[in-house]
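Each remark here refers to the structure printed beneath this line.
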Amino acid sequence: MIKLHDLYFKPFISEQEILDVVTRMANDIANDLGDEIPVFIGILNGSFMFVSDFVKKFPKPCEVTFIKLASYEGLKSTDDIQRLIGLTQDLTGRTVIILEDIIDSGKTLAEVHRIFKNENVKELKIATLFYKPEAYKKDFKLHYVGIEIPTKFIVGYGLDFDGLGRDLPEVYQLKTTQHMTNIVLFGPPGAGKGTQANFLKEKYNLIHISTGDVFRFNIKNETALGMLAQSYMDKGELVPDKVTIDMLAAEVEKNADANGFIFDGFPRTDAQAKALDDLLDEKDSEINAMIALEVNDKILVERLLERGKTSGRPDDADENIIRNRVKEYYKKTAILKDYYKAQDKYYGVDGVGSIEEITQRLSKVIDQL
Ligand code: IMP
Ligand code: MG
C-alpha cells in the first residue's frame with residue numbers, strides 16, 4: 001500500500017504485466033503498419049513512460065513527438081482541456097498514431113481529434129494503454145487498447161494524483177475504504193483483554209468486536225444467522241466457520257465507516273484467520289497487527305482465582321481447571337502466532353503491571369502501525 005498526499009492506494013497492475021501489454025501493443029501496431037514509418041504522438045504528461053517503453057519495443061523505425069494537454073484536477077476529469085504544447089511539425093500525408101496513457105471520459109481524445117482536423121494526415125489511429133470503458137462517453141474509435149480497467153482512479157506508470165505517483169513503475173488503485181487500523185487482540189484467560197479492549201476502543205475510536213458478544217446478540221435477537229448458529233449448538237456441534245464469519249462480516253458491514261476494529265476471540269484457527277483476511281480485503285483493508293498480552297501462568301492463576309471469589313464463574317475457582325484453560329489457549333493460538341508472525345504482524349506485549357501501564361504499552365504498538 002502507498003500514500004500520496006492524504007489518500008491510500010493499493011497495488012493493482014504489476015510492472016511486468018504492463019511491459020507485456022506494451023510489447024504486445026508495439027508488435028500488433030508494427031504488424032498492421034507494414035513498411036510505413038509512423039509518427040507516434042504521446043500526450044503529455046501522463047504518457048511519457050508508456051511512450052518510452054513502447055518505442056523501445058517497437059521493432060521498426062519510427063518518429064516520436066509529443067503534444068501537451070491537461071484536463072484532470074485531483075481525482076476528476078474537467079471540461080476545460082488546456083492545449084499547453086501543440087503540434088510543432090507538418091504531418092501532411094503521414095500515418096499518425098496517438099499514444100495515450102489512459103482514456104477515461106474521452107474529453108482529451110475529443111481535443112486530439114480537433115487538433116488533427118485540418119492537418120491532412122493520411123491516417124490517425126488511437127492507441128491507449130489503459131481504458132475505462134464504463135466512463136467513456138464518446139464515439140471515437142479506439143484502435144488499440146492495452147488493458148481495460150474499472151472506473152476507479154489509478155496512479156503510477158506516468159499517471160499522477162495531483163503531481164505525485166508518475167514515477168512509480170507499477171500501477172496502484174485508489175482504495176475504496178481509506179485507512180483503517182484493525183487489530184486482533186489475543187491473550188490467555190485472565191490477561192485483561194476485555195479491560196484493555198475497552199480503553200483502546202475509546203482512545204482510537206475503534207469498534208470492538210467480541211465474537212462471544214456477537215454470537216449472544218444474534219441468538220438473543222433471533223437473527224437468521226443467530227438461529228442457524230443455535231441449530232448447530234443444539235445438536236452439540238461446533239458452529240461452522242462460515243456462519244461465524246458471516247456474522248462478523250455483517251458486523252463489519254454495519255460499521256463500514258469505522259476507523260478500524262478490534263477483533264477479540266477471533267480468529268481461532270488458520271482457516272478463520274484466512275477468512276478474516278479475505279473479509280477485510282474485500283473492504284480494501286487488512287489486519288494491521290495481532291497483539292498478544294503476555295502474562296505468565298502463575299499470575300494468571302492468581303488473577304483468575306481472585307476473580308473467582310466475586311465472579312461466581314465456576315471455571316474461575318479451580319486452579320487445575322484454570323491451568324488447563326491456559327494450556328489449551330497456548331496450544332490453540334500457537335498456529336495463529338505463526339500465521340501473523342509470517343506476515344510480520346505479531347506483537348507480544350507484557351501484560352503484567354497496572355492497567356494504565358499496559359494500556360500505554362499497547363498504545364505504543366498501535367501508534368507505530
Ligand atoms: P479523459 O479526458 O476524461 O479521457 O481523461 C484523460 C486524462 O485524464 C488522462 O490523460 C489522464 O491525465 C487523466 N486521468 C484519467 N483517469 C485517470 C486516473 O485514473 N488516474 C490518473 N489520471 C487519470
Ligand atoms: Mg494524459
Side-chain angles (χ1 to χ4, degrees), residues 1 3 7-10 174-188 191-221 223 225-226 229 239 241-293 329 332-333 335-337 339-349 351 358-369:
M1 201 174 59
K3 188 180 184 195
L7 294 181
Y8 291 88
F9 295 82
K10 60 176 181 178
L174 182 67
K175 276 163 56 95
T176 44
T177 312
Q178 283 302 302
H179 195 57
M180 287 204 233
T181 303
N182 298 310
I183 294 161
V184 173
L185 192 58
F186 259 75
K193 257 188 322 174
T195 311
Q196 293 300 335
N198 274 331
F199 281 110
L200 295 178
K201 80 172 190 206
E202 291 300 324
K203 179 161 180 191
Y204 293 99
N205 199 10
L206 304 175
I207 305 287
H208 178 200
I209 299 189
S210 146
T211 2
D213 291 346
V214 173
F215 262 100
R216 282 186 285 277
F217 174 87
N218 278 280
I219 290 171
K220 184 166 151 248
N221 290 287
T223 66
L225 284 168
V239 179
D241 280 353
K242 169 97 178 68
V243 178
T244 312
I245 283 283
D246 285 350
M247 276 193 219
L248 284 191
E251 212 60 27
V252 168
E253 200 57 54
K254 253 195 258 172
N255 298 289
D257 298 333
N259 276 346
F261 297 91
I262 302 175
F263 295 96
D264 169 1
F266 190 91
R268 286 185 197 275
T269 63
D270 237 25
Q272 289 184 350
K274 285 196 190 84
L276 183 59
D277 281 351
D278 291 344
L279 168 65
L280 290 173
D281 193 51
E282 259 173 50
K283 298 264 160 284
D284 270 355
S285 197
E286 60 180 345
I287 291 291
N288 304 92
M290 175 209 200
I291 309 184
L293 283 169
Y329 164 83
K332 286 218 176 104
T333 55
I335 333 154
L336 291 164
K337 187 169 166 176
Y339 182 87
Y340 288 107
K341 251 192 178 151
Q343 300 180 35
D344 248 344
K345 290 179 179 171
Y346 176 85
Y347 300 85
V349 166
I358 299 166
T359 309
Q360 263 175 22
R361 288 176 204 147
L362 291 168
S363 301
K364 231 171 102 184
V365 173
I366 297 174
D367 289 340
Q368 51 133 59
L369 290 177

* Structure fact -> Gly351 and Ile358 have their tightest heavy-atom pair at O-CD1, 3.2 Å
* Between CG on residue Leu206 and CD1 on residue Ile183, distance to nearest 0.5 Å -> 5.5 Å
Donor-acceptor pairs are to be reported for all side-chain atoms of residues 264-271 against protein atoms at under 3.5 Å, with residues two or more places apart or in another chain.
| residue | atom | partner | partner atom | Å |
| --- | --- | --- | --- | --- |
| Asp264 | OD1 | Lys193 | NZ | 3.4 |
| Asp264 | OD2 | His208 | NE2 | 2.9 |
| Arg268 | NE | Gly265 | O | 3.3 |
| Thr269 | OG1 | Gln272 | N | 3.1 |

* For Ala292, all residues meeting side-chain contact (heavy atoms from CB on, under 4.5 Å), sequence neighbours excluded -> Phe186, Tyr346
* Applying side chain to side chain contact (heavy atoms under 4.5 Å, CB included), run through Tyr340 and Ile291 and close with a yes or a no. => CA-CA 10 Å; Tyr340 288 107; Ile291 309 184; over 6 Å; no
* Asked: Which pair of heavy atoms, one from Leu276 and one from Ile245, lies closest together, and at what distance?
  -> N-CD1, 4.0 Å
* Not counting sequence neighbours, list each pair that qualifies as a salt bridge (charged side-chain N to carboxylate O under 4.0 Å, His left out) and has a residue in residues 194-206. => none
* Only counting residues at least two apart or in another chain, list the ones meeting side-chain contact (heavy atoms from CB on, under 4.5 Å) with Asp213. => Ser210, Arg216
* Asked: Between Lys175 and Tyr8, is there a donor-acceptor pair closer than 3.5 Å when you use the side chain of the first and the backbone of the second?
  -> no
* Asked: With side chains defined as the heavy atoms from C-beta onward, is the minimum distance between Phe261 and Val252 less than 4.5 Å?
  -> yes
* State the CG-CG distance between Asn218 and Leu225, to the nearest 0.5 angstrom. => 6.0 Å
* To do: Please name all residues satisfying side-chain contact (heavy atoms from CB on, under 4.5 Å) with Lys364, sequence neighbours left out, ordered by chain then number.
  => none
* Please name all residues satisfying side-chain hydrogen bond (donor to acceptor under 3.5 Å, both in side chains) with Lys337, sequence neighbours left out, ordered by chain then number. => none
* Asked: When you look at Val239 and Phe215, which way does the side chain to side chain contact (heavy atoms under 4.5 Å, CB included) test go after all the steps?
  -> CA-CA 10 Å; Val239 179; Phe215 262 100; 3.8 Å; yes
* Is a side-chain donor or acceptor of Asn182 paired with a backbone partner of Asn288 at a separation under 3.5 angstrom? -> no
* Asked: Please, which pairs that meet salt bridge (charged side-chain N to carboxylate O under 4.0 Å, His left out) have at least one residue in residues 242-252, sequence neighbours excluded?
  -> Lys242-Asp246, Glu251-Lys254
* Asked: Does Tyr347 have any side-chain hydrogen bond (donor to acceptor under 3.5 Å, both in side chains) partners at least two apart in sequence or in another chain, and if so, which?
  -> none
* **Distance in Å, Thr181 OG1 paired with Glu286 CD, rounded so as to fall on 0.5 Å steps** => 10.0 Å
* Does the side chain of Met290 reach to within under 4.5 Å of the side chain of Lys341, using non-hydrogen atoms? -> no
* Output the distance between atom CG (Asn205) and atom CG (Leu200), rounded to the nearest 0.5 Å. => 12.5 Å
* Output all residues satisfying side-chain contact (heavy atoms from CB on, under 4.5 Å) with Gln343, sequence neighbours left out; order by chain, then residue number. => Asp277, Tyr339, Lys345
* To do: Might you work through the side chain to side chain contact (heavy atoms under 4.5 Å, CB included) test for Phe199 and Leu362, ending with a clear yes or no?
  => CA-CA 10 Å; Phe199 281 110; Leu362 291 168; over 6 Å; no
* Closest non-hydrogen atom pair between Leu185 and Ala197, with its separation -> CD2-CB, 3.9 Å
* To do: Using the test side-chain hydrogen bond (donor to acceptor under 3.5 Å, both in side chains), find all partners of Asp344 that sit at least two apart in sequence or belong to another chain.
  => none
* For the student: nearest non-hydrogen atoms of Leu279 and Ala249, plus distance -> CD1-CB, 3.5 Å
* What are the two closest non-hydrogen atoms of Ala273 and Leu336, and how far apart are they? -> CB-CD2, 3.8 Å
* To do: Output the distance between atom CE (Met180) and atom CD1 (Ile287), rounded to the nearest 0.5 Å.
  => 10.0 Å
* **Minimum-distance pair of heavy atoms, taken over all atoms of Ala191 and Leu293** => O-CD1, 3.6 Å
* Asked: Who are the side-chain hydrogen bond (donor to acceptor under 3.5 Å, both in side chains) partners of Thr359, not counting sequence neighbours?
  -> Gln196
* Who are the salt bridge (charged side-chain N to carboxylate O under 4.0 Å, His left out) partners of Lys3, not counting sequence neighbours? -> none
